[in-house]
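A short worksheet on the structure shown next.
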Amino acid sequence: MTVFYRKWRPQTLAEVVGQEPVTRTLRNAIATGRVAHAYLFHGPRGTGKTSTGRILAKAVNCLDNQTGEPCNRCEICQAFNEGRALDLIEIDAASNRGIDEIRDLREKVGFAPHLARYKVYIIDEVHMLTEPAFNALLKTLEEPPPYVIFVLATTEVHKVPATISSRCQRFDFRRIPTEAMIKRLEQICEAEGIEIEPSALRLIARAATGSLRDAENLLEQLLVYHGPRITLQQVRQELGISGDLRIKELAEQILRRDLPAALATINRVATEGLDLKAFNRGLVEYLHEVLAVKAGTGEMLGLAPEELEERWSLAKGVSLREISQALKSFAQVDFRFAPYSSLPLELALLDLLGESEEKGEPAPAEEEPQMAKVSSPTSALEHIRQRWNDFVNACRGEGSRGNLDALLRGFCKPIDLQDNTLVLGFYAEFHKSKIEDPKYRRMVERKLKEVFGVPYQVRCVLLKRERKNEVQQNPLIKAALDLGGRIIGEE
């Protein structure tokens, strides 16, 4: 079975979704015979760059292309559509990026087309080529044979040397508008016999963030898993945003400046295992919609009337400035250094609302470090204890044998926080001495910074031996005891 994004790939320039300026220019160039020898297609993934290159290759070789479009009926068009056209050569520069591959290309460029009028080379992700490979390609672009057309496609045009891009006609592909994507998805659903709620289709389009290929893949995934009847709730579950109601709840708590309630909501979301990145994306999108409604441009969002009314009920009680500040704070949340923690969300919230909780006292002239301002040592230690399993999981794969998490899991716990020094208590000298090794200690300190956002130093201590019950809670020891083993001593 052919996957959706291939099955529903456009076959004419008119079918390319959301790129009218590009397709109109190319159609006119083909119809008037003013085809360039090299094109540079730039834009986000899934916006039609490679598909447009294939249609261009088919159209310039079509036996009946008076309008600039391929007829899709002649022998040449059929060969292109069926993937047997020898004069269309596609190269993935991500895996064929060296000078040897480009030298091979240069040698074959000299051969005339097999059947078609033009040989068309599509080089995808061209920015991945090495510098020597670019230099070799440049020589071909400077003096190409008259029967060769190059289509260079890239998502990162700034990495393409100016010497290359200056010899190409450049076309910028934009993210596909939501409404255009919805229209295309509706056509696919009708043809495939899929019944889907309009709100679910809209959520798919919005989640794809301008990539039609992503939207088509998600639609097919939902079809395979849920069958031909797809609901909004199923889409939310698939996207990991089943906390949609809590997004609305948290947005309201933020804009009403209810810090305790907002912190409690974030904690519940984290405890229940929701994808925090996806949850934050949903929150940012919701705040953006509230901002648009407040600014009087809500009708451009394409929301249902009841959704607009919901956003307006929240927007009317706050100012544009307050909404924009909230949107800015959460749009800048960075999970890279704490991928398993709710700390980035909590810090964004505290940074936004923290000062209002300081009983009206004026802010200090010089801002204190963020953690010092928002957390006492006791609460910071409690936060580390609550997220300790997340931290241990983040250590998986670290170390020369990838066993850093194994040295921590169940064998130690955070017992004190003295200034910025985290005291770790160990049940055995073996694990304590391992982590005290400078190599392992530095790794632990680096991961602490990544997960908790604070440059903690580590000090290791040995816990008293009478903590036998806690030792027995170690998963490995507990399993051994369940199988009839017994503890005869501790090291």
Side-chain angles (χ1 to χ4, degrees), residues 1-20 22-41 46-93 96 101 104-126 137 140-141 143-153 168-169 171 173 184 187-188 190-192 212-213 216:
M1 183 181 71
T2 305
V3 296
F4 273 9
Y5 82 88
R6 295 182 61 187
K7 182 178 181 179
W8 293 100
R9 177 171 278 153
Q11 296 300 323
T12 65
L13 292 171
E15 292 178 2
V16 177
V17 177
Q19 310 297 344
E20 286 76 14
V22 174
T23 55
R24 183 172 58 250
T25 304
L26 290 175
R27 190 161 48 243
N28 291 338
I30 296 168
T32 58
R34 296 178 179 176
V35 180
H37 74 279
Y39 293 91
L40 178 60
F41 291 171
T47 52
K49 299 185 298 296
T50 305
S51 294
T52 302
R54 290 172 176 168
I55 296 169
L56 171 66
K58 182 168 56 175
V60 296
N61 288 304
C62 177
L63 302 178
D64 184 20
N65 65 352
Q66 297 178 7
T67 64
E69 291 276 24
C71 70
N72 286 315
R73 296 184 303 272
C74 69
E75 179 184 355
I76 296 293
C77 285
Q78 290 294 323
F80 275 88
N81 289 341
E82 295 169 9
R84 51 184 177 83
L86 299 180
D87 296 316
L88 174 62
I89 303 96
E90 296 189 43
I91 299 171
D92 178 13
N96 300 278
E101 288 82 1
D104 182 62
L105 179 151
R106 288 179 57 194
E107 292 176 2
K108 293 179 179 177
V109 159
F111 297 103
H114 180 66
L115 289 176
R117 180 182 177 188
Y118 292 99
K119 289 176 67 175
V120 180
Y121 287 84
I122 299 177
I123 305 180
D124 200 14
E125 300 298 342
V126 69
L137 178 62
T140 304
L141 290 179
E143 298 180 359
Y147 49 78
V148 170
I149 296 174
F150 285 96
V151 177
L152 312 182
C168 304
Q169 282 194 13
F171 290 89
F173 286 65
R184 181 60 171 169
Q187 295 171 349
I188 295 174
E190 183 177 354
E192 295 287 340
L212 181 57
R213 183 170 66 235
E216 290 169 338

So for atom CD, which belongs to Glu75, do other residues, nucleotides or ligands contribute more than 12 heavy atoms lying within a distance under 6.0 Å?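 No, CD of Glu75 has 12 or fewer neighbouring heavy atoms, counting only those of other groups under 6.0 Å.
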Which distance, rounded to the nearest 0.5 Å, do you find between the [atom1] of [X] and the [atom2] of [Y]?
| X | Y | atom1 | atom2 | value |
| --- | --- | --- | --- | --- |
| Asp104 | Asn96 | CG | CG | 9.5 Å |
| Cys74 | Leu63 | SG | CG | 4.0 Å |
| Leu26 | Ile55 | CG | CD1 | 9.5 Å |
| Phe150 | Gln169 | CZ | CD | 15.5 Å |

Side chains of [X] and [Y], heavy atoms from C-beta outward: is any pair under 4.5 Å?
| X | Y | answer |
| --- | --- | --- |
| Glu190 | Gln187 | no |
| Gln78 | Arg84 | yes |
| Ile89 | Ile91 | yes |
| Pro10 | Val16 | yes |

Nearest heavy atoms of [X] and [Y], plus distance in Å:
| X | Y | value |
| --- | --- | --- |
| Gly46 | Arg213 | N-NH2, 3.5 Å |
| Ile76 | Cys62 | CG2-N, 4.5 Å |
| Leu13 | Gly68 | CD1-O, 4.0 Å |
| Val60 | Arg117 | O-CD, 4.4 Å |
| Ala59 | Ile30 | CB-CD1, 3.7 Å |
| Gly48 | Thr52 | O-OG1, 2.7 Å |

Between Arg27 and Glu20, does any NZ, NE, NH1 or NH2 come within less than 4.0 Å of an OD or OE carboxylate oxygen?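 No, Glu20 and Arg27 are not salt-bridged.
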Do Arg54 and Glu90 sit within salt-bridge range, that is, some charged N less than 4.0 Å from a carboxylate O? yes
For residues [X] and [Y], is any side-chain donor paired with an opposing acceptor at under 3.5 Å?
| X | Y | answer |
| --- | --- | --- |
| Asn72 | Asn81 | yes |
| Glu15 | Trp8 | no |
| Lys49 | Gln19 | no |

Please check if the side chain of [X] supplies one atom and the backbone of [Y] the other of a donor-acceptor pair under 3.5 Å.
| X | Y | answer |
| --- | --- | --- |
| Asn61 | Cys77 | no |
| His37 | Pro144 | no |
| Lys119 | Phe111 | yes |
| Glu69 | Ala14 | yes |
| Asp87 | Ala116 | yes |

Parallel, tilted or perpendicular: which describes the rings of Tyr39 and Phe171, with under 30° parallel and over 60° perpendicular? tilted
Between Tyr118 and Tyr147, is the ring centre distance below 6.0 Å?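 Ring centroids of Tyr118 and Tyr147 are no less than 6.0 Å from each other.
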When you look at Glu192 and Lys7, which way does the salt bridge (charged side-chain N to carboxylate O under 4.0 Å, His left out) test go after all the steps? CA-CA 11 Å; Glu192 295 287 340; Lys7 182 178 181 179; 2.8 Å; yes
